[in-house]
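Report on the following structure.
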Amino acid sequence: MKTLKITVATLLALSWSVAHATNGYFSHGYGTKAKGRGGVSLSISDDTMAGANNPALFADLNDRIDAGFEAFVPRRGAERANGPFGQFNFNERSDRNLFIIPDFGVSKKLSKSLTLGLTVYGNGGLNTDYQEGDSTACATNLPSGRGNPLCGQGPAGVNLEQLVIAPTLAFRLNENHAFGFSPLFVYQRFYAEGLQLFGSFGYSSDADKLTNEGTSTSNGRGYRVGYFGTFGSLQVGAAYSPRVDMNKFDEYAGLFAGQGDFDIPTNHGVGFSWRPTSKLKVGADLTKVKFSEVPAVGNSSRTATPGCNCLGNDDGPGFGWRDVTTKKFGIEYQATQKLLLRAGYNKGDNPVTEENVTFNILAPGVVTKHYTVGATYRLSDAAEISGHYMRAPTVRVRGASALPVPGPVESIDMEQESMSVTVGFTY
């Protein structure tokens, strides 16, 4: 128990390095095994990340612990061209491209029908870090074309990190049906810098709480429910988590709609898995995240009007993200008695529209396709090690600039790679 407490405490501390922006700012999968299958996870009970996927899956787990980390590499950037007289043009890549993301889970069989679990994981991905501009507070005719892309002072960028702790109780009704419930305890933090232009031109309801206010924190509580069923060789799963009401980021009341409100959107999904042979398993999930229901994320940035519909207002402008529906496909093959191989494909919608490119220079979460491979090697009867690799090719979105000058055209782009390793063992 002492070791467990130390492990959880360490993960809580490390989780603040979280940043992944694959299906929007949700990960393409939770847990190394699911990541190797393209994120397929709603109907396959094989590790303790069930609290992040489908809490009912804990019903088929015995006493088990999983601990691992992911090395995530997002490469993102932005460009502006056709500025008047060459002004405001730039071509900038965001700094800091390596993030270490830990996760942890544990399960305990209480009885034949009841299992207790705990999953600790993170969300994030609204992360950019553009270098400091010149003395004019914009990249105006700089030979390198680099600088603060939003014409503010100093470096520009944002960082959002969300830590979720999900204790879980799963109940097996009979041999074919199980249900699970996970209360979600969420803690998040955020900072923004270099956005002074929006205050200077009257686009913020409170320019003193718009940018460069340090790190702001908030917390909230929600839940996730799940179902897991077996019908012969077919397994099905479903999970649902409603919108999580978070406390406001008070220090950024002049940035996010609703005076700093930034809730976690409703997300849900269904999935199935099928074993056509003793060595082969195939599966698929269909999931949806309703980014549009959170004003700070879903409201269009194009509705911004100086002194009227300002950033921070009750229904003020946001990032303009659309809802994201994701199709996930995965396969597993038992190559040897000790080695299990995986591969997957994950295709999600691009949440960013052409009309909202300017604001999303801060959060270019535009990738859509993810190709994955993975494996698990059994070290002993009680221990195993798993790994995965993911590649998301470059996606670019281009649109007219929202800066209050005529002519500029902007584009944002992102590509991603990630690798993870997890050790799991029974006790």
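Numbering of residues begins at 1 and proceeds along the displayed sequence. All of these numbers come straight from a predicted model, not from anything done at the bench.
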**Q.** Those residues that, when tested against R398, pass salt bridge (charged side-chain N to carboxylate O under 4.0 Å, His left out) (two or more places apart)
**A.** none
(Q) I'd like to check the salt bridge (charged side-chain N to carboxylate O under 4.0 Å, His left out) partners of R172; sequence neighbours left out, ordered by chain and number. (A) D60
Q.
F291: which residues meet the ring pair (Phe, Tyr, Trp, His ring centres under 6.0 Å) condition with it, sequence neighbours left out?
A. Y25, F26, W321
Q | Side-chain donor or acceptor of R189 paired with backbone N/O of Y187 under 3.5 Å | A | no
Q) Who pairs with F329 by ring pair (Phe, Tyr, Trp, His ring centres under 6.0 Å), at least two apart in sequence or on another chain? A) none
Q. Which residue pairs pass the salt bridge (charged side-chain N to carboxylate O under 4.0 Å, His left out) test when at least one of the two sits in residues 343-367, sequence neighbours left out?
A. none
Q: Look only at the side chain of D129 and the backbone of D95, and say whether a donor-acceptor pair between them is shorter than 3.5 Å.
A: no
Q) Can we call the ring centroids of F179 and F171 under 6.0 Å apart? A) no
Q.
Taking the side chain as everything from C-beta on, heavy atoms only, tell me whether Q162 gets closer than 4.5 Å to L160.
A. yes
Q | Check: H177 ring centroid to F231 ring centroid under 6.0 Å | A | yes
Q) How would you list all residue pairs meeting salt bridge (charged side-chain N to carboxylate O under 4.0 Å, His left out) that involve residues 241-261, not counting sequence neighbours? A) R243-D263
Q: Could you list the residues that satisfy ring pair (Phe, Tyr, Trp, His ring centres under 6.0 Å) with F181, not counting sequence neighbours?
A: Y223
Q | Min side-chain heavy-atom separation S41-M49 under 4.5 Å | A | no
Q. Given side chains that start at C-beta, do those of N360 and P364 come closer than 4.5 Å, heavy atoms only?
A. no
Q: Taking salt bridge (charged side-chain N to carboxylate O under 4.0 Å, His left out) as the test, write out the residues that go with D46, two or more places apart.
A: R37
Q) Can you name the salt bridge (charged side-chain N to carboxylate O under 4.0 Å, His left out) partners of R342, sequence neighbours left out? A) E332
**Q.** Those residues that, when tested against T368, pass side chain to side chain donor-acceptor pair (under 3.5 Å) (two or more places apart)
**A.** none
**Q.** All ring pair (Phe, Tyr, Trp, His ring centres under 6.0 Å) counterparts of F359, not counting sequence neighbours
**A.** F198, F319
Q) Residues two or more places apart in sequence or in another chain: which of them pass side chain to side chain contact (heavy atoms under 4.5 Å, CB included) with T422? A) T32, D66, D103
